[in-house]
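Side-chain atoms are counted along with the backbone in the values below, which use heavy atoms only and exclude waters and symmetry mates.
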Amino acid sequence: MTRLNVHLPLPAGFRTVDVLAFHRRDPQQIAERILDEGPELGLDKAFVWAGRPACMAFRFEGEVTEGGALRSGHVRVECLIDDASGTTGGAMGEGDPDQAAFEDLVRHMLGLDQPIEAFEHAHAGHPELGPLIRRNAGLRIPQVATPFEALSWAILGQQISLVAAVALRRRLIQAADRRHSSGLICYPDAASLLQLDAATLRAAGCSQTKADALLGLARAELEQRLPLDEWLRTLPVEDIRAGLLTIRGIGPWTINYALLRGFGWLDASLHGDVAVRRGLRRLLGREDAVGEAETRQWLEAFSPWRALVAAHLWTAAAGG
């Protein structure tokens with residue numbers, strides 16, 4: 001087993017509640033485990049990393065406020081990487097994750113490099129958005145572990161409810177069946193997904209369109225037609241868009257969501273998201289629905305932080 005560790009300070013008021021809520025979507029917790037009912041506050045997250053089952057254990061330390069934020073907080077994160085078969089043992093090899101890559105991943109998943117202070121300073125005085133920003137001060141956007149996870153999750157969630165998407169995600173993880181020694185089942189990588197065929201994905205609940213899109217995405221990544229890890233480092237947004245649009249079944253909403261959750265790009269315009277439009281309707285005090293074109297136009301004023309605005313609108317849609 002390979003073991004990596006990091007201990008990082010967290011910004012004042014870091015909202016642990018958002019991180020835990022994002023990873024709590026599946027009540028069965030087969031790939032993520034939330035700890036918040038005892039002395040420890042944290043998250044265990046299992047996924048396939050560089051071809052090997054990995055589990056990251058986040059433990060948050062500090063005084064937790066009533067709203068779920070930390071005062072003078074820290075996070076300790078340990079990553080246990082099994083050998084490729086999912087058992088303990090095996091030394092690090094060339095191309096395996098190193099300490100620097102691990103620390104970058106921790107910061108990415110927690111959104112620690114997001115320019116929250118600059119965003120809030122720029123827009124706290126906005127007549128409609130400002131009060132929402134002040135109510136949700138410090139809001140960051142938690143990220144998934146890999147761009148492949150973000151893209152495949154976005155494909156699974158196309159045109160179905162969140163509850164249905166979470167159940168479909170669970171069945172996909174179970175079908176791939178990459179187990180970590182912690183007992184969690186890893187979210188699959190492209191190679192793991194390609195061990196399945198379209199019929200297996202259909203049996204897990206995917207439509208034929210989603211099965212084809214998932215397999216097309218996985219093949220394109222392995223063949224380096226979609227160099228997702230390289231794109232994560234360099235973030236060539238237009239190249240990412242163009243590359244993803246070559247995969248049948250991937251459209252603008254899927255790309256914008258993946259740019260946000262997988263690549264950490266905060267200017268993705270989520271005007272096609274139903275919850276964003278619902279949040280905007282509530283924020284504006286409108287009785288009639290707000291359409292995609294109007295939402296796109298409204299969000300444009302907040303570039304380069306349109307995705308952060310969308311995250312605040314999600315809270316408005318939920319009554320926050």
Side-chain angles (χ1 to χ4, degrees), residues 22 25-26 111 114 139 141-169 172 187 190 193 201 205-218 220-221 225-226 228 231-232 235-283 289-318:
F22 176 65
R25 293 167 296 176
D26 186 353
Q114 295 173 12
L139 187 147
I141 303 177
Q143 310 287 303
V144 297
T146 68
F148 182 80
E149 180 178 352
L151 280 160
S152 52
W153 162 244
I155 290 170
L156 293 173
Q158 292 170 350
Q159 298 181 329
I160 60 176
S161 70
L162 178 60
V163 172
V166 167
L168 185 55
R169 176 183 186 268
L172 175 70
Y187 194 94
L193 189 62
L201 292 175
C206 291
S207 66
Q208 187 65 50
T209 299
K210 289 184 180 182
D212 290 343
L214 288 168
L215 294 173
L217 171 68
E221 183 183 11
R225 289 183 284 119
L226 297 180
L228 300 181
W231 283 347
L232 179 60
L235 199 59
V237 172
E238 294 311 313
D239 290 345
I240 294 172
R241 289 189 188 278
L244 292 176
L245 284 173
T246 66
I247 307 299
R248 187 174 182 180
I250 294 182
W253 180 87
T254 302
I255 292 171
N256 281 329
Y257 186 84
L259 279 168
L260 169 61
R261 290 293 192 191
F263 294 93
W265 190 54
L266 298 182
D267 202 27
S269 180
L270 297 176
H271 54 274
D273 188 276
V274 173
V276 168
R277 299 201 304 271
R278 185 167 62 247
L280 181 57
R281 179 179 63 83
R282 180 170 292 182
L283 185 70
V290 180
E292 286 192 30
E294 184 179 356
T295 304
R296 180 203 289 267
Q297 183 178 15
W298 195 86
L299 288 172
E300 282 177 355
F302 300 99
S303 183
W305 296 306
R306 286 176 290 179
L308 272 174
V309 175
H312 282 273
L313 292 176
W314 281 331
T315 71

**Student:** Would you call Trp153 and Leu168 a side-chain contact if the rule is heavy atoms closer than 4.5 Å?
**Tutor:** no
**Student:** Does a side-chain heavy-atom distance below 4.5 Å link Leu283 with Trp298?
**Tutor:** yes
**Student:** Looking only at heavy atoms, what is the nearest atom pair of Ala317 and Ala275, with distance?
**Tutor:** CB-O, 3.3 Å
**Student:** Do Cys206 and Leu156 come within less than 4.5 Å of each other through their side chains, counting heavy atoms only?
**Tutor:** yes
**Student:** Tell me whether Ser303 contacts the main-chain N or O of Glu300 through its side chain, where contact means a donor paired with an acceptor under 3.5 Å.
**Tutor:** no
**Student:** How far apart are the closest heavy atoms of Gly157 and Ala165, and which atoms are they?
**Tutor:** CA-CB, 3.8 Å
**Student:** Evaluate the criterion side chain to side chain contact (heavy atoms under 4.5 Å, CB included) for residue pair Leu313 and Thr295; output intermediate values, then yes/no.
**Tutor:** CA-CA 11 Å; Leu313 292 176; Thr295 304; 5.6 Å; no
**Student:** With a cut-off of 6.0 Å (strictly less than), are more than 12 heavy atoms of other residues, nucleotides or ligands near CZ of Arg296?
**Tutor:** no
**Student:** With a 4.5 Å cut-off on side-chain heavy atoms, are His271 and Leu280 touching?
**Tutor:** no
**Student:** Atom CZ of residue position Arg248 - does it have more than 12 heavy atoms of other residues, nucleotides or ligands inside 6.0 Å?
**Tutor:** no
**Student:** Would you say the side chain of Ile247 lies within less than 4.5 Å of the side chain of Leu226, judging by non-hydrogen atoms?
**Tutor:** yes
**Student:** How long is the gap from CG on Leu259 to OG on Ser269, to the nearest 0.5 Å?
**Tutor:** 11.5 Å
**Student:** Would one find more than 12 heavy atoms of other residues, nucleotides or ligands at under 6.0 Å from atom CD of Gln297?
**Tutor:** no
**Student:** Would you check if the side chain of Lys210 reaches a backbone N or O of Gln158 as a donor-acceptor pair within less than 3.5 Å?
**Tutor:** yes
**Student:** Evaluate the ring planes of Trp253 and Tyr257, with Trp represented by its six-membered ring, and classify them as parallel (under 30°), tilted (30 to 60°) or perpendicular (over 60°).
**Tutor:** parallel
**Student:** With the side chain counted from C-beta on, respond yes when Phe148 and Leu193 share a heavy-atom pair under 4.5 Å apart, and no when they do not.
**Tutor:** yes
**Student:** Where do Gly262 and Leu232 come nearest, in terms of heavy atoms and distance?
**Tutor:** O-CD1, 3.5 Å
**Student:** Give the minimum heavy-atom separation between Ser152 and Tyr187, together with the two atoms involved.
**Tutor:** OG-OH, 2.6 Å
**Student:** Can you find a heavy atom in the side chain of Leu228 that is under 4.5 Å from one in the side chain of Phe263?
**Tutor:** yes
**Student:** Where is the tightest heavy-atom contact between Glu221 and Ala190, given as atom of each residue plus distance?
**Tutor:** OE1-CB, 3.4 Å
**Student:** Is it true that a side-chain atom of Asn256 and a backbone atom of Leu270 form a donor plus acceptor pair closer than 3.5 Å?
**Tutor:** no
**Student:** Under the rule for side-chain contact (heavy atoms from CB on, under 4.5 Å), what residues qualify as partners of Leu245, not counting sequence neighbours?
**Tutor:** Ile255
**Student:** Output the distance between atom CG (Leu214) and atom CG (Leu201), rounded to the nearest 0.5 Å.
**Tutor:** 6.0 Å
**Student:** Return each pair, listed once, that meets salt bridge (Lys or Arg N to Asp or Glu O under 4.0 Å) where at least one residue sits in residues 250-275; pairs must be two or more places apart or across chains.
**Tutor:** Asp267-Arg306
**Student:** Once you round to the nearest 0.5 Å, how far does CZ of Arg225 lie from CG of Leu244?
**Tutor:** 11.5 Å
**Student:** Under the side chain to side chain contact (heavy atoms under 4.5 Å, CB included) criterion, do Trp314 and Val276 qualify, and how do the steps go?
**Tutor:** CA-CA 6 Å; Trp314 281 331; Val276 168; 3.4 Å; yes
**Student:** Determine whether Gln114 and Gln143 make a side-chain contact, defined as any pair of heavy atoms from C-beta on separated by less than 4.5 Å.
**Tutor:** yes
